[in-house]
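Side chains are part of it too, since the values below use all heavy atoms of this structure and drop only hydrogens, waters and symmetry mates. Convention: sequence-line order gives letters A, B, ...; per-chain numbering from 1.
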There are 2 protein chains.
Amino acid sequence: MAFSPLVDQLLDALRVLPGVGPKTAQRMAMQVLERDREGGAQLARILARAVEEVGYCARCRTLTEQTFCELCESPRRDDQLLCIVESPADMLAIEEAGGYRGRYFVLHGHLSPLDGIGPDDLGLDDLDTLIKDAAIDEVILATNPTVEGEATAHYLAQQLKPRGIRLSRLAYGVPMGGELEYVDGGTLSRAFMGRQPFNE
Amino acid sequence: MAFSPLVDQLLDALRVLPGVGPKTAQRMAMQVLERDREGGAQLARILARAVEEVGYCARCRTLTEQTFCELCESPRRDDQLLCIVESPADMLAIEEAGGYRGRYFVLHGHLSPLDGIGPDDLGLDDLDTLIKDAAIDEVILATNPTVEGEATAHYLAQQLKPRGIRLSRLAYGVPMGGELEYVDGGTLSRAFMGRQPFNE
Ligand SMILES: [Zn+2]
Ligand SMILES: [Zn+2]
């Protein structure tokens with residue numbers, strides 16, 4: 001015994017969402033069918049439109065349904081600074097942190113030879129065009145501080161160095177508000193090596 | 001700064017799902033847009049169909065897109081036993097526990113005067129018809145062991161007693177204040193076996 005065929009199909013389909021197991025899928029289906037059909041219909045409509053219409057910005061490759069994203073359209077950003085990130089979520093996190101006023105480029109992943117993800121899959125041709133066309137002074141390699149992110153940053157650095165563009169990488173260190181005893185050893189020793197003069 | 005208008009709408013729409021806050025909605029949207037568009041399109045299609053087509057079984061009122069649910073269509077169930085539950089999820093939990101071979105009736109809620117939920121909202125007219133038409137020997141009041149579920153059971157008992165039908169309630173064995181949907185199968189089937197005559 002299970003639910004009806006269509007409800008069972010809905011339970012299966014919900015499993016595409018991250019962190020959704022059988023019990024959560026059931027709770028979600030019951031919420032939508034028993035308590036909020038209009039909300040469910042709205043989600044179905046928006047989701048269908050989003051997977052159909054959302055593509056990549058023609059300049060920075062972030063997710064957008066427009067040709068250029070709002071950030072690329074803005075005249076108030078510094079064209080001489082380019083920050084390369086792995087994902088649109090990373091781009092949003094940096095924007096929410098505030099302080100950065102340059103442009104972005106989104107790789108949608110990182111180099112991963114074992115998964116067959118090479119330079120072509122990260123839009124590096126588009127990056128080339130972008131860098132050629134704009135008068136970029138500095139590229140910030142803001143890929144994740146993981147093994148794959150590091151490897152990707154190193155690859156990008158090799159490609160960009162011959163162009164005489166200044167390259168930088170986010171500083172490693174202890175996270176603000178964290179407690180030293182809970183910071184992993186690798187991060188701590190990088191924070192020690194990168195220590196800065198103390199200014200009161 | 002946020003994502004594009006359509007992606008932001010998707011984040012909002014996902015919040016209809018229970019337990020989904022802003023960060024989870026973002027993870028879900030990124031999963032669907034960055035890694036599994038086909039899964040997202042499939043979810044949108046099934047969800048749209050489900051909220052449109054899934055209705056109530058004409059006999060037991062459980063969720064189904066057919067006129068009668070599979071359980072009501074089955075000739076192998078005992079027509080003399082009727083189990084009244086609050087939700088389709090409760091019905092499924094009892095079926096998965098095993099042991100019960102009768103029919104069901106689903107209230108889709110419980111009496112809740114403060115929320116304006118009265119007998120009419122629980123399909124009690126349909127219940128009346130069902131009980132009149134079938135030769136029912138015993139009704140098991142399997143509403144949740146909560147204050148509202150108890151009150152609903154008492155109300156149902158008052159309505160059904162004059163008809164001379166035997167009434168029972170699940171044995172305590174099910175934890176007070178819990179919801180049937182989350183009770184383990186062993187406890188549920190013990191509670192079924194130990195069901196007691198209903199005393200007001
Ligand atoms: Zn852009
Ligand atoms: Zn039915």
Side-chain angles (χ1 to χ4, degrees), chain A residues 1-7 9-20 23-24 26-54 57 62-66 69-71 74 87-89 91-92 95-96 98 108-109, chain B residues 1-7 9-10 12-20 24 26-54 57 62-66 69-71 87-89 91-92 94-96 98 108-109 181-182:
Chain A
M1 156 86 190
F3 291 102
S4 69
L6 186 50
V7 176
Q9 281 180 57
L10 177 58
L11 298 184
D12 280 349
L14 283 163
R15 303 284 300 275
V16 72
L17 300 173
V20 176
K23 269 287 165 195
T24 305
Q26 184 179 314
R27 262 207 318 281
M28 288 174 166
M30 292 305 118
Q31 168 69 16
V32 162
L33 294 174
E34 292 275 271
R35 287 178 287 276
D36 193 0
R37 297 250 174 165
E38 188 33 58
Q42 171 76 352
L43 174 55
R45 280 192 298 270
I46 299 283
L47 181 56
R49 277 192 58 205
V51 298
E52 186 66 32
E53 296 174 26
V54 173
C57 169
T62 197
L63 292 169
T64 181
E65 66 276 16
Q66 293 145 348
C69 74
E70 287 173 40
L71 198 147
S74 167
S87 72
M91 177 176 163
L92 185 70
E95 283 300 293
E96 282 178 344
H108 295 282
Chain B
M1 155 86 190
F3 291 102
S4 70
L6 185 51
V7 177
Q9 281 179 58
L10 177 58
D12 280 348
L14 283 163
R15 303 284 300 274
V16 72
L17 301 173
V20 175
T24 306
Q26 184 178 315
R27 258 206 323 279
M28 288 174 165
M30 291 306 117
Q31 168 68 17
V32 162
L33 294 174
E34 291 275 271
R35 285 179 287 278
D36 193 359
R37 296 250 173 164
E38 188 33 58
Q42 171 75 352
L43 174 56
R45 280 192 299 269
I46 299 283
L47 182 56
R49 277 193 58 204
V51 298
E52 185 67 31
E53 296 174 25
V54 173
C57 171
T62 197
L63 292 170
T64 181
E65 66 277 15
Q66 292 144 350
C69 75
E70 287 173 40
L71 197 146
S87 74
M91 177 175 163
L92 185 70
I94 293 170
E95 284 299 294
E96 282 178 344
H108 295 280
E181 165 176 2
Y182 302 112

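Nearest heavy atom pair, residue I46(B) against residue Q9(A), reads CD1-OE1, 3.1 Å. The two atoms that bring R37(B) and V51(A) nearest to each other are NH1-O, 3.2 Å, heavy atoms only. The nearest pair of heavy atoms linking L92(B) to A2(A) is CD1-CA, 3.6 Å. In this structure, A44(A) and A48(B) approach most closely via the heavy-atom pair CB-N, 3.6 Å. Taking each heavy atom of P18(A) and R27(B) in turn, the nearest pair found is CG-O, 3.8 Å. In this structure, E65(A) and V7(B) approach most closely via the heavy-atom pair OE1-N, 4.4 Å.
Residues E70(A) and S4(B) are not in side-chain contact: their nearest non-hydrogen atoms beyond the backbone lie 4.5 Å or more apart.
Side-chain atoms of Q31(A) do not come within 3.5 Å of backbone N or O of L17(B) as any donor-acceptor pair.
Interface check for chain A: of the options C69(B), A41(B), P88(B), the most heavy-atom pairs under 4.5 Å are formed by P88(B). Interface summary for chain B: among R35(A), Q42(A), R49(A), K23(A), the most heavy-atom pairs under 4.5 angstrom belong to R49(A). Chain A forms the most heavy-atom pairs under 4.5 Å with one residue out of Q66(B), E34(B), E52(B), and that residue is E34(B).
Residue Q26(A) touches chain B through its side chain alone, counting heavy-atom pairs closer than 4.5 Å. Using a 4.5 Å cut-off between heavy atoms, M28(A) touches chain B through backbone and side chain atoms alike. Neither the backbone nor the side chain of E38(A) comes within less than 4.5 Å of any heavy atom of chain B.
L6(A) CG to L63(B) CG: the interatomic distance, rounded to the nearest 0.5 Å, is 10.5 Å. Expressed to the nearest 0.5 Å, how far OG1 of T64(A) lies from CZ of F3(B) amounts to 11.5 Å.
Every residue meeting the side chain to side chain contact (heavy atoms under 4.5 Å, CB included) condition with A29(A), not counting sequence neighbours, appears here in chain and number order: L10(A), L11(A), L14(A).
The environment of CD in E53(A) is crowded: more than 12 heavy-atom neighbours from other residues, nucleotides or ligands sit within 6.0 Å.
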